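Here the structure comes first, spelled out in structure tokens, and everything after it is commentary.
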Amino acid sequence: MILNIENINVHYGAIQALKDVSFNLNEGEIVTLIGANGAGKSTCLNTISGILHPTSGRVTFIDEEITNTSPQDIVKKHMIQVPEGRKIFASMSVWENLEMGAYIHSDRSQIKKRIDQVFERFPRLKERRNQPGGTLSGGEQQMLAISRGLMAEPRVLLLDEPSMGLAPILVEQIFDIIREINHNGTSILLVEQNALMALSIADRGYVLDSGKVVLEGKADDLLRNPMVIKAYLGGEAIGSEL
Amino acid sequence: QPSAAPSQAAVVSGAPDVCTSDAFGCAVFKPGEVVKLGMGAPMTGGNGSYGVDISQGASIAVTDAGDVKGWKFALDAQDDGGTAEGGASVANKFVTDPAIVAIAGHIFTDATRAAMPIYEKAGIPMLSPSNTVADLTTLGSAVFNRIAFSDTNQGNAAGDYLFNTLKVKDLAILHDGSSYGKGLADTVAAQFAKDGGTVVATQAITPGETDFTAVLSAVASKNPGAVYFGGYAAEGSILVNQMKQTGLENAVFFGDDGTYGVDFLTHVGANGEGAFATIAPASPDSAAKTAFNAAYLAQFGKEAGSLSPYTWAGYDSAAILANAVKAVAVVGSDGNLYVPRAALMAAVRATKDYVGLSGTFTCQSNGECNAGLPQFVVVQNGAWVAVQ
Amino acid sequence: MHALSLPTLAVKGARFKKVAHVFDLLRPILGAIVLAFIAYRLYQVLIVQQEYGADTWTRLLISGLIIGGVYALIAIGYTLVYGILFMINFAHGEVMMLGAYAGLFAFQAFNAIQVGGQAQTSFLNAYPVLAILLAFVIGMFISAAIGYFLEKIAYRPLRKAPRLVPLISAIGASIFLQNAAQLLFSPQLREVTNPDILRRGAGWTISINNANVIIPYTGVFTFVLSVLLLIALYIIVRKTRLGRSMRAVALDKKTAALMGVDVDRTISQTFIISGALAGAAGVMWGLHNGMVYFYVGFIPGIKAFTAAVLGGIGNLPGAMLGGLVLGIVESVGPAALGIDFQLKDVLAFVILIIVLTFRPSGLLGEVLAEEKV
Amino acid sequence: MNTSLRKSIRPGATIGIVHIFFVLIGFNMLVAILFARVSGVKQPDAIPAPVYLMAYSITMGIWAGVAAAQKRKQEFRQVAFAGCVAGGFAGIMAGLLEFGLAIILVKNINVRDVLTVLSANFIKGTLFGMQPAMGVMVTVMLFALGGTLGGALVAFWNSTPFQAFLNRGIRFTKDSVQKAQGVTHGKNRLLWQIASISLLALAVVFLPLNWGSYWNYVLGTVGLYVVLGLGLNIAVGLSGQLVLGFIAFFAIGAYSMALLNAPLPYHLMWGFWPALVLGVLLAAVAGLLLGLPLMRLRGDYLAIVTLGFGEIIRILLKSDVLTAYTGGPRGIQNIGGPTIFGRPFVTDVDFMYLIIGAMLLAMFIYSRLQNSRTGRAWLAIREDETVARASGVNTVRYKLLALVIGAAFAGLAGAIFASRNQFTGPEEHSLMASINVLSLIIVGGLGSIPGTIMGAFALKGLPEILREFENYRLLAFGALLVAMMLSKPDGFIPSRRPKFQIPIQPETREAPKEQDHD
Amino acid sequence: MIDYIIRAKEVTKTFGGLTAVNAVDLDVAEGSIYSIIGPNGAGKTTLFNCISGFYTPEQGDILFKGKSLKGSSTDVIASRGLSRTYQNIRLFSNLTALENVMVGQQSRLRENWLDAIVHSPTFRREERNSIVEGMKWLDFVGLLEFSNAIAGSLPYGAQRRLEIARALGNRPSLLLLDEPTAGMNPQETLRMTALIRKLRDAFNITIILIEHDMHVVMDISDRITVLDFGEKIAEGKPGEIQTNQKVIEAYLGSGGAALAQKYQRKKPQ
Ligand SMILES: Nc1ncnc2c1ncn2[C@@H]1O[C@H](COP(=O)(O)OP(=O)(O)OP(=O)(O)O)[C@@H](O)[C@H]1O
Ligand SMILES: Nc1ncnc2c1ncn2[C@@H]1O[C@H](COP(=O)(O)OP(=O)(O)OP(=O)(O)O)[C@@H](O)[C@H]1O
Ligand SMILES: [Mg+2]
Ligand SMILES: [Mg+2]
């Protein structure tokens, strides 16, 4: 188990966002968290990343408790989050944004090499490399956000709704990339609204509702679970016409 | 705390007759209580050094004054920031304290202007060590007195001196934009022009700043024979220093009683040679002054005069007020001390030939206690020397 | 669900449109008037009256450059902090004041230490370069420490509060520091003891129009040092990792943390740098102007803040430019327009208003041409 | 144990530093003097008796103890011990300081050129007039004693019986509050309102008569700052425009009053009321004129420009250029007061009523505007100007309106202020005054009326209350300002959003008619 | 003859060297639901910004109800009956939901600040109507229970709906929605689709929609325009677009279903 979350409770002031949530991620896996708006998915990721601290419960990363570790120390363990809503550094250029992604590394030539890899994957970003990140279109920003996350050479990648606001063709591409990253050895925790896609590429999944894990299991099983179909797949079974 | 408000004092049994006849009644002090002199002064903010210094000078006077028929004096110095709002608020505080009998102050003009009408109503005499603005004594106030020069006196004398004695033909006027500095500068300019000289430049500087080279350069281009500065030692000494690098190295610097002081000398060093200032005509080194200087240094850790030029005036104003209190205070049949207020006002104004540390004072009927002609002093070999 | 009647909307924009046009028209008219006035005054002063000779202009310019350099240095501190926290560090002038005190006491101490056997000289004059260096190190260290603790105590707990709250906290800190200095060191004005090689008032003399114009050593020193520090800072911010993390934190703290940036540390470092620069400015101020007291930071603080905004707040080259422009406007402006020097601040602020009317984000500030929504 | 020891040393060290600072500025003497005064000494000496200084030491120790013991849920003995450690550590630092002071004293070193308060007498006093070694020892002991006491206090406070007692008290108050609310919301609501309003009215009518001139003056100033604060709140709190030189409008009001209603320089003597009206109008016009070129500016750019505007007004007022017209630095004196029905209105009590009237007017207008289309437009601009505009808010117009109305409030306050002081001068309108107004609305709670009142008390009343602290007054004020912001970042009484209900009469009675919309 | 509520002619908008919208024509019939789709960065949002007055196009003209929008600022355009929502939610987050909607009504209310001070009859009528109508719009988008909640504290989906309610405040005749279902799950998306349809059907509001969810687009659009690199590459009815080869290549791709299948197959088990 590379990442283990045990019984965490998280509060925003008086509001409890997570109630006794437990889940885990094994080395090399893709695990997805699905759930409605406000179910607490982003809260989970932020707790893992150290942005939020749970009121109780434990987060362990390879046998090491990281419950109250600061975000920068968690990043140094190569656990990287690509946050919801892209969060591009608006007035930094695309290039600088990518450099920021590699903040924990200091080898300039390595950084350069990885930026080239990113540009290979997303030619669109190469075209825009000197444009301020804030003026990119929504989809371009999403590509940049994922690329920026990859710059740190993550061991675990936490993706928060990477397909949001993307053109269908790009969604495909993004999921391809996620798959590929995973094949190259990165474990992935994927938060998605697009439950169908997420469950299609994931090994396992957890369903979150109002801050609680209500369902968990193999992705395929979840895809066939009537409740999941009804609530998160738009009432349509897998394989039906889109 | 004294038991009764001033106006009711006359009714108390045991009060001496003066209290019944006194227009403002008496302040009453039970045995063991203290007779308070108030002072409104800027203790904080940019002008804090004046208030701190003058109140420290006055506090020594209060100690020196000993007691009045067994009652001790105390100084209540309150921060008025030098502003009208602060002045009015301090004055209102003082008039509600029945133990306050007189005010050694205020220090800055704005505060004095707002405070005056309040003391007027309560019948509390003031004696300002530092308000020089000419019109303050022309307002018909019964409570306001000062031992500071009136700008008129000082300014006219300085104008004449510049033209007649120093034979300056072209004069540049600088002031710090305060009512004190500007009032003085205006008077000098007018008198100098009346005498037949030419005022070639008039500029104001911003107090608190420390770089005046620009304005001095502009003044230098007019080639004045002398620069008259209305303002205080802080800016005055910077001006003297910077005159040397802006083409005014040959012009005479002529300051006022605000620029006089040891502090000025330490700041200007050799640059100050030949700089003028005005002071009250007094024997600069009396035994009393030496004693005071020693006491000041011992208590406050600084040379007297290093915080402001008004240290000694601060002492004098408190000392004169204490004297006046001693002159009018009566012990009643009940063993309390009674200070008749209107009588005290009159006593302060009746001050005559009082030899203080900063001059010899005789109050006129308008409250002007420093009518003598100013004495001019010049820096020679790093020291102030009186000139004829 | 209620049934809503939705009447069609008639066009009624015309009235608003007219109002909007008036404002758009007003700006150029205002600009034209001001420019015409300036041109007229310049013509009057420079061509018709010819009040000042070249020597005077040179002196004014020198004075402007020197004071502008110091403004720039303090303004940088404002801009750095503003850039990262979007807050006006009102206590910055006080940080500079404490640096000036530190420099003052350092020089005083160096002057008191006697060295060199027979020909007794003070340490200050025996090793002036070392002494000056040490004084700067001490001044910068003290101010940096004050800046660090200021942030830690008065601003950090307010990081999540509305933007104006830390501003008030800063105002409180400013009042506190000013009065603390007054109470600790007395309100006395103190004289800085310069080493002989940097004597105040001494300088190179050049002759213009048969008049001797002095270029003071302290002034040149101040100016050169300001420029050097500014360049060093620019390199730090643009080229180093620290600079990158500062920019990232400025843009988005949470995301910066997700990139591995230690947000608290970066902010602390920013305050340390900004404090150190203010300290350097304070020591220079003492060397050049000689006078140090508890109120010495207030006016430069306000001026530097103005300079930072004039250049475009948050923009480092902007702060430098703003400082220099402000310094020159203050010293040359009144003479050039033939108005009283007393009104130099009025002039400075009027220029500020004009600049911002036409360039709402300052001289070099980013022009947000069209906000992306 | 080891970490807990370290945890106690930290607050101890902090208090130790605070103590060193206090000694170096001589604040320990002042505290001792205050202790002496409280315990009945009429006129304490500059160096009061050692007992009082010992009391000071114990107090500092208690502070350290409380700081160390807080947030610690342990048993009594441990908490008290933590306090003792903290106090002791602070005491050791204090002792070190005193050791240094003793050296200064014995070797007769003069450090007073740098640190002014450190006179021989002062040092002797700080050492309780004892032999140095003895003094140091006693200090450490007193601090430790205080620390233990502080720890014990906290432990007692946290102890179950006391908390239970406290809870009972809280529950009781809660109950009674709820009961009271039952009254205020029940059918007796009208009665309740009438009662509370008449009570307030009674207080307003009778209190000024009994306050005495000092408190009337101070509270009058507070009242005028409420008016000013509400004016600034329209600009800052509601429409989100950071105006820093707000006092300029106050100055315009004050000078209008002065020029129109004083014997010098013009002897216009218009009387108070016309001058008041003109002052308000002129201030409003100034707001408009300032606003016009600045409407494109946002946030801090606006702040600095308005700061500049304030300074421009002040400098112009005192400059040689305008001396002939405004009296220059000398200001204008003998400004007349109001008359009502031929009765001159001049005492402090009269002015207090006038100010209360102005305050009520300002509060009335403010609250009416706040809960209207105008107020919502302002709030929208504050929240997101771009989107507000795209939602149909004419942002330029509303921003100007906010400036104009805010300026009018300031003009009103300024005119009354000048008339009350019978004097106004340029330095009355300095940057610090603007900063005070801004601080008060934020300390009180941005945008809220009760907040503004609280803020005005804090900012203008507090320095008066702090007069006991003599020269340390502003130091304490600065520290308190920081402390207030740290403890209440949203202000004393943050503004609340209104709760709307669907109005009782449904729209059937007055349906939005077609012609409403064209 | 069809009434067009919006007629855009050759609208061009550039940023520096980048042409974000390139000579795009757009004719939207009154009472229709019109979708604009296209790859990310195609210029959809930019086109919205041009129509709603945020950007001034370099070339071309946009007629709204027959009158040019040229030179009108956003508030004027809003008061003429054109409302919009934003891709990244931009609510007045410290105001309550109802207040947000009431701000949206600004351009229709008749009261001024003097009315407010004296509480004139106009004021009372307008305020009351404003509240009633605001509540109705909140009810319409299903947020009545949140009417007094602070907008910033609402869940994401609710915030999107609140944006729509605010846009409805000035009773628009044209509503621009920028990705209204972004970040919603299928169920919520269905609800949003119904809501949009109802806006058109019940209130006759014309709707232009930017959307990446093809379910929604194909489901409710009357007409669709496809942008790519700022240029219009196709226009037509949903059916036509779905099968347009250019559109599939540039935008739709395999349609996702195939992808899902692909991974299903790739999985080890
Ligand atoms: N900063 C905050 N303050 C208060 N409450 C918050 C905050 N952030 C989130 N919440 C609340 O916590 C709950 C969980 O939010 P979270 O963002 O984790 O949901 P989510 O599952 O990621 O939803 P979405 O799909 O919309 O991203 C929600 O009810 C939300 O309103
Ligand atoms: N203010 C701006 N400054 C510079 N470039 C901009 C600006 N706004 C948009 N762009 C650029 O214009 C192009 C079109 O952007 P736009 O936001 O219209 O795309 P979009 O079609 O809405 O994409 P998405 O579906 O991803 O939101 C993008 O390449 C973007 O980088
Ligand atoms: Mg989320
Ligand atoms: Mg878009």
Side-chain angles (χ1 to χ4, degrees), chain D residues 234 240 361 364-398 401-402 404-405 446-447 490 494-518, chain E residues 52-54 73-80 82-84 86 90-96 98-100 102-119 123-136 144 147-152 163 166-167 169-171:
Chain D
I234 291 181
L361 179 73
F364 175 77
I365 294 178
Y366 183 91
S367 68
R368 285 264 159 119
L369 285 177
Q370 190 181 23
N371 299 314
S372 74
R373 171 192 182 211
T374 310
R376 286 190 299 274
W378 284 334
L379 289 172
I381 292 171
R382 179 188 80 186
E383 293 286 305
D384 189 333
E385 189 172 336
T386 314
V387 174
R389 184 148 205 207
S391 303
V393 178
N394 187 327
T395 50
V396 173
R397 219 175 85 157
Y398 278 106
L401 184 67
V404 168
I405 297 181
L446 206 54
D490 291 328
S495 70
R496 291 222 196 91
R497 303 305 330 136
K499 303 254 177 279
F500 288 105
Q501 282 171 348
I502 300 177
I504 303 155
Q505 305 110 313
E507 82 285 0
T508 44
R509 267 185 60 193
E510 250 183 88
K513 294 186 195 100
E514 302 276 312
Q515 58 265 40
D516 277 2
H517 307 285
D518 44 41
Chain E
S52 54
F54 280 92
S73 56
T74 51
D75 53 333
V76 175
I77 293 176
S79 67
R80 283 169 63 176
L82 192 155
S83 291
R84 67 169 293 181
Y86 304 87
R90 299 266 298 250
L91 286 168
F92 306 119
S93 43
N94 289 315
L95 306 189
T96 63
L98 180 62
E99 281 180 307
N100 267 277
M102 286 167 87
V103 172
Q105 299 168 340
Q106 282 286 330
S107 57
R108 329 186 283 101
L109 294 185
R110 311 253 98 203
E111 45 159 309
N112 61 26
W113 60 281
L114 282 173
D115 290 324
I117 292 175
V118 299
H119 271 196
F123 173 85
R124 282 186 225 191
R125 186 187 63 232
E126 292 288 295
E127 282 292 295
R128 192 169 52 234
N129 289 347
S130 170
I131 295 171
V132 170
E133 202 180 305
M135 291 285 189
K136 275 196 278 190
L144 191 57
S147 62
N148 286 324
I150 301 295
E163 264 212 330
R166 179 180 68 191
N170 71 343
R171 302 183 179 172

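Letters A, B, ... are given to chains in the order of the sequence lines, protein chains preceding strands, and every chain is numbered from 1. None of these values were measured; they are calculated from a predicted model.
Interface residue Asn112(E): only backbone heavy atoms are found under 4.5 Å from chain D. When heavy atoms are compared at a cutoff of 4.5 Å, Phe364(D) approaches chain E solely by way of its side chain, counted from C-beta outward.
Nearest approach of Thr395(D) to Asp75(E), heavy atoms of both residues: N-OD2, 4.5 Å. Across every non-hydrogen atom of Asn371(D) and Glu127(E), the tightest pair is O-OE1, 4.0 Å. Between Ser391(D) and Ala78(E), the closest heavy-atom pair is C-CB, 3.9 Å. Of all heavy-atom pairs between Phe92(E) and Ala380(D), the closest is CE2-O, 3.5 Å. When all heavy atoms of Ile117(E) and Ile365(D) are compared, the pair lying nearest together is CD1-CG2, 3.7 Å. Heavy atoms only, all atoms of each residue included: Val387(D) and Arg166(E) are closest at CG1-NH2, 3.4 Å.
At least one donor-acceptor pair closer than 3.5 Å links the side chain of Arg373(D) to the backbone N or O of Gln106(E). Side-chain atoms of Glu383(D) come within 3.5 Å of backbone N or O of Ser93(E) as a donor-acceptor pair.
For Glu385(D), the salt bridge (charged side-chain N to carboxylate O under 4.0 Å, His left out) partners are Arg298(D), Lys399(D), not counting sequence neighbours. Remark: Arg382(D) engages no residue in a side-chain hydrogen bond (donor to acceptor under 3.5 Å, both in side chains) (not counting sequence neighbours).
Considering OG1 of Thr96(E) and CZ of Arg376(D), their distance stands at 9.5 Å, rounded to 0.5 Å. Atoms CG and CZ, on Leu114(E) and Arg368(D) in that order, are 12.5 Å from each other to the nearest 0.5 Å. Here the CH2 atom belonging to Trp113(E) is positioned 6.0 Å from the CG atom belonging to Leu401(D), to the nearest 0.5 angstrom. Rounding to the nearest 0.5 Å gives a distance of 11.5 Å between CG of Asp384(D) and CG of Asn94(E).
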